[in-house]
Amino acid sequence: MKNRELAKIFNELAEYLEMDGVRFKPYAYQKAALTLENLKDNVEDIYNHGGLKALKAIPGVGESIAQKIEEYLNTGKIEYYEEFRRKLPIDLDELIAVEGMGPKKAKVLFEKLGVTNLRELEEAARANRIAPLKGFGAKTEANILEGIEFLKKSTGRFLLGEALPLAEQVLAALRALPEVEQADMAGSLRRRKETIGDLDFLAVSSQPEKVMDFFVSRPEVVKVHGHGRTKSSVRLRQGLDMDLRVIPTESYGAALQYFSGSKEHNIALRQIAIDQGYKLNEYGLFDREERQVAGVTEEEIYAKLGLAWIPPELREDRGELAAAREGRLPRLIGYGDIKGDLHVHCNWNGGADSIEEIARAALALGYEYVGISDHTKFLRIEHGLDEEQLLARNREIDALNEKLHREGKKFIVLKGCEANIMNDGTIDITDEVLAQMDFVIAGVHSTFKMPRSEMMARLKAAMHNPHVDIISHPTGRILKRREEYEVNVAELLRLAHDTGTVLEINAYPERLDLCDTNIRAAKEAGVRMVINTDAHHIDQLRFMPYGISQARRGWAEKEDIINAWPVQKFITLLK
DNA sequence: GCCGTTTTCGGCCCGACTGTTTTCAGTCG
């Protein structure tokens, strides 16, 4: 897609202009880049259909940027950008990835020392050629070296499933302090993004210094970036940064709103405030006379602006503000709404625990049912079950259900499997045995690298199988490790809708598949979904909230998620 | 450079912190 290439160029143009001290233009280019990144349609198609005029209809794209897009589509480059590149041939992305380095410092280091990339930056710092420069110093030079070290060993963003448990510990410790009146997570963590850059916390305290001292001396802290009265920032042993801000009570809601983001949501919200004659910042909502009219809670800020309170998971400027104004925000599925988990592996295949142990763990979580979905025979490495083993396992489940019934438990174990979709779209278990399952999940576990048309034919055949109820982890991505397979999501959703097949929201932290935007598209296409943990151990049943959070980010309601329904209701919906 | 049921000109989000400075620039979120 050209959208991404153009977005990258416009972002870099913004940085170049920033270096030259040009005002406002960088913001314009950044905005255009952001729009392009999130644009559903291919900019090439837009141009081919409607020419320059259609390009200018894209928000943030005006006369000048439209012409640059046209130039890029016709010639493969943008002269205005190439000029900057010639003047300043540096790897800007790489350089400003170093903590404390920005475009201005990068420019000075190129002009004075000829630094064009990370390697040369490191050489210059090691040779102590940076410290003597005007505006730099020994401390800056040391920070650059440390930043490079961090960059080398850092794996970038962290999984929600890694960051959230860590943050919950810190938050609990903060809330336990007698000096802390109130504390919350903020940032992408509070919005439950699938990956997290750093941990943000807010607190109210009459003794900020004490709280800050506590914060920077936590056992997992390896470096203190900053230690102020209202803001402190540290690096954790685990390799990510965390920030704490202490906020006065009267501004707490405003700060929580502000630091929860997203940036895009906040910019749009701020504009709404401006349009109504207010000013919104992290201290509150202010009228023209600078009187604070809201800020203690988030609710009153949104309310004053004529908006319903917006759950943090929705704050991405993807239509939630208009929905909040018009009273049509979704009634999001709640973290307590799930009645059962349908994708759990037991010790008949790769899993660690017996069916009974799983059933009792699910009962303890307050579930009404659990579905055992063992791998099937094609997956040798996971000890997949063949037809005979599946039937024997089913008899064990029947016996267990009787036992639970005798104990007076209102709980049922459902008989399922996670069968394999072979390259030709057939399932590796006979129809006769599939028919004896309460439900059948099918998934792609082999030959991931298939051309798109073949992969779609494969999925189509599987979804047309009269026994296949659910497709597990539909795009196959593994966060930070493996790309999706070649799935045409729009077509997948059409097929799911037409065949009545349910798509899985896999809650396993490395998967989160479907992802939030695909969940939103599935909901809009009228496709039912199921949130499953894919647990191979009873401890992993606790992954469920990660899946729920992504469903919420995808605007999903209870009606969209079949395992938020009572067992009898969804079982009749299955094929 | 973009945008406008307040504007086709005059706005664009802005405050905290660090490190370098003798009053502030650069970076970050």
Side-chain angles (χ1 to χ4, degrees), chain A residues 10 13-35 55-69 80 95-109 130-144 146-147 186-190 196-202 208 212 216 223-234 241-247 251 254-255 257-286 288:
Chain A
F10 290 147
L13 267 173
E15 305 288 4
Y16 276 124
L17 291 161
E18 185 85 44
M19 279 189 277
D20 286 353
V22 178
R23 298 181 25 97
F24 308 118
K25 285 190 193 185
Y27 182 65
Y29 278 106
Q30 267 171 19
K31 231 172 118 177
L34 195 71
T35 314
L55 290 178
K56 279 167 69 177
I58 302 170
V61 175
E63 185 67 41
S64 169
I65 291 184
Q67 276 175 18
K68 290 186 176 73
I69 294 175
Y80 183 60
L95 291 172
I96 64 176
V98 178
E99 173 102 37
M101 282 285 294
K104 299 236 171 84
K105 281 183 182 160
K107 185 183 186 191
V108 173
L109 291 179
I130 292 177
L133 296 177
K134 189 169 191 293
F136 292 77
K139 190 83 199 211
T140 303
E141 190 173 74
N143 281 343
I144 286 173
E146 267 186 57
S188 53
L189 204 55
R190 182 162 180 244
I196 304 293
D198 55 17
L199 313 183
D200 289 303
F201 300 93
L202 301 182
M212 288 303 187
V216 303
K223 180 178 193 304
V224 177
H225 300 302
H227 183 178
R229 224 178 99 54
T230 63
K231 184 193 167 183
S232 290
S233 177
V234 299
D241 289 343
M242 68 176 187
D243 294 349
L244 171 66
R245 289 179 167 81
V246 174
I247 312 288
S251 296
Q257 195 290 315
Y258 182 87
F259 290 110
S260 293
S262 67
K263 191 176 171 198
E264 292 75 32
H265 174 91
N266 285 357
I267 288 173
L269 187 66
R270 203 176 278 252
Q271 193 57 50
I272 290 173
I274 292 168
D275 291 345
Q276 297 182 21
Y278 294 116
K279 187 181 92 172
L280 177 63
N281 59 28
E282 61 262 54
Y283 298 105
L285 184 67
F286 299 90
R288 286 197 178 80

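Here is how names work: the chains are called A, B, and so on, in the same order as the sequence lines, proteins then strands, and each is numbered from 1.
- Which of B:dG29, B:dG1, B:dT6 sits closest to the side chain of A:Arg288 comes down to B:dT6.
- Around NZ of A:Lys107, the count of heavy atoms belonging to other residues, nucleotides or ligands within 6.0 Å exceeds 12.
- The P atoms of B:dC13 and B:dC3 are separated by 14 Å, rounded to the nearest whole Å.
- Protein atom NZ of A:Lys279 is 9 Å distant from nucleotide atom C1' of B:dC14, rounded to whole Å.
- Atom NZ of A:Lys107 is separated from atom C1' of B:dA25 by 14 Å (rounded to the nearest Å).
- B:dG1 and B:dT5 are spaced 24 Å apart, taking the C1' atom of each and rounding to whole Å.
- A straight line from CD of A:Gln271 to C1' of B:dG4 spans 10 Å, rounded to a whole angstrom.
- When Watson-Crick and G-U wobble pairs are counted only if both distances are under 3.5 Å, B:dT8 pairs with no nucleotide at all.
- Within the structure, every side-chain polar atom (N or O) of A:Ser233 is placed at least 4.0 Å from both OP1 and OP2 of B:dC17.
- Using a 4.0 Å heavy-atom criterion, one finds that A:Lys68 contacts the sugar-phosphate atoms exclusively.
- Rounded to whole Å, atom P of B:dC3 lies 16 Å from atom CD1 of A:Ile274.
- When only modelled atom types and interatomic distance are considered, A:Ser64 and A:Lys68 share a side-chain donor-acceptor pair under 3.5 Å.
- Counting non-hydrogen atoms under 4.0 angstrom, A:Lys263 reaches a base of the nucleic acid.
- Of the side-chain N and O atoms in A:Asn143, one or more sit less than 4.0 angstrom from OP1 or OP2 of B:dG19.
- Contact of the A:Val108 side chain with the A:Phe136 side chain is registered, since non-hydrogen atoms from C-beta on lie closer than 4.5 Å.
- Of the candidate nucleotides B:dG1, B:dC17, B:dG29, B:dG1 has the atom lying nearest to any side-chain atom of A:Phe24.
- Among the atoms of the strands shown, only primed sugar atoms or phosphate atoms (P, OP1, OP2) are found under 4.0 Å from some heavy atom of A:Pro59.
- Listed pair A:Lys104 / B:dG26 meets the phosphate criterion, a side-chain N or O lying under 4.0 Å from OP1 or OP2.
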**Asked** A:Phe259 and A:Asp200: side-chain contact (heavy atoms from CB on, under 4.5 Å), yes or no, with the steps?
**Response** CA-CA 8 Å; A:Phe259 290 110; A:Asp200 289 303; 5.7 Å; no

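- B:dT20 and B:dG15 have their P atoms separated by 25 Å, with the value rounded to a whole Å.
- Side-chain N/O atoms of A:Tyr29 include none lying less than 4.0 angstrom from OP1 or OP2 on B:dC12.
- Spacing between B:dG10 and B:dT6 at atom C1', rounded to whole Å, works out to 14 Å.
- Summarising the geometry, the separation between CD1 on A:Ile58 and P on B:dC3 is reported as 10 Å, rounded to the nearest angstrom.
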**Request:** List the steps, then state whether side-chain contact (heavy atoms from CB on, under 4.5 Å) holds for A:Glu99 with A:Asn143.
**Result:** CA-CA 8 Å; A:Glu99 173 102 37; A:Asn143 281 343; over 6 Å; no

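- In terms of phosphate contacts, A:Tyr27 brings no side-chain nitrogen or oxygen within less than 4.0 Å of OP1 or OP2 of B:dC12.
- Within the structure, a side-chain polar atom (N or O) of A:Lys139 is placed less than 4.0 Å from OP1 or OP2 of B:dG19.
- The same atom, P, is picked in B:dC14 and in B:dC9; the two are 24 Å apart, to the nearest Å.
- Between A:Gly135 and A:Gly62, the one whose closest nucleotide on DNA chain B sits nearer the 5' end is A:Gly62.
- Comparing B:dG19, B:dC13, B:dG15 by their nearest atom to the side chain of A:Thr140 picks out B:dG19.
- Rounded to an integer number of Å, the gap from CD of A:Glu141 to C1' of B:dT18 is 17 Å.
- Nucleotides B:dT23 and B:dC17 place their P atoms 22 Å apart, quoted to the nearest Å.
- Listed nucleotides B:dG29, B:dT27, B:dT6 differ in distance to A:Arg245; the shortest reach to its side chain belongs to B:dG29.
- Between A:Lys105 and A:Ile144, the closest side-chain pair of non-hydrogen atoms is not below 4.5 Å.
- Regarding contacts with the backbone of B:dA16, every side-chain N or O of A:Lys231 stays at 4.0 angstrom or more from both OP1 and OP2.
- More than 12 heavy atoms of other shown residues, nucleotides or ligands fall within 6.0 angstrom of atom NZ in A:Lys223.
- Between the CZ atom of A:Phe136 and the P atom of B:dC24 there is a distance of 20 Å, rounded to whole Å.
- For the P atom pair drawn from B:dT18 and B:dC12, the interatomic distance equals 28 Å after rounding to whole Å.
- When each of A:Lys25 and A:Gln276 is assigned the nucleotide of DNA chain B bearing its nearest heavy atom, the one mapping closer to the 5' terminus is A:Lys25.
- Between A:Met242 atom CE and B:dG29 atom C1' the separation is 17 Å, expressed in whole Å.
- Among the nucleotides B:dC14, B:dG1, B:dT20, the one closest to the side chain of A:Tyr258 is B:dC14.
- Taking atom P on both B:dT21 and B:dT27, the two are 15 Å apart, rounded to the nearest angstrom.
- Shown here for A:Pro208 and A:Val246, the closest heavy-atom pair between the two residues is CB-CG1, 3.8 Å.
- Among the atoms of the strands shown, only primed sugar atoms or phosphate atoms (P, OP1, OP2) are found under 4.0 Å from some heavy atom of A:Ala138.
- Comparing atom distances between the A:Thr230 side chain and each of B:dA16, B:dG1, B:dG29 picks out B:dA16 as nearest.
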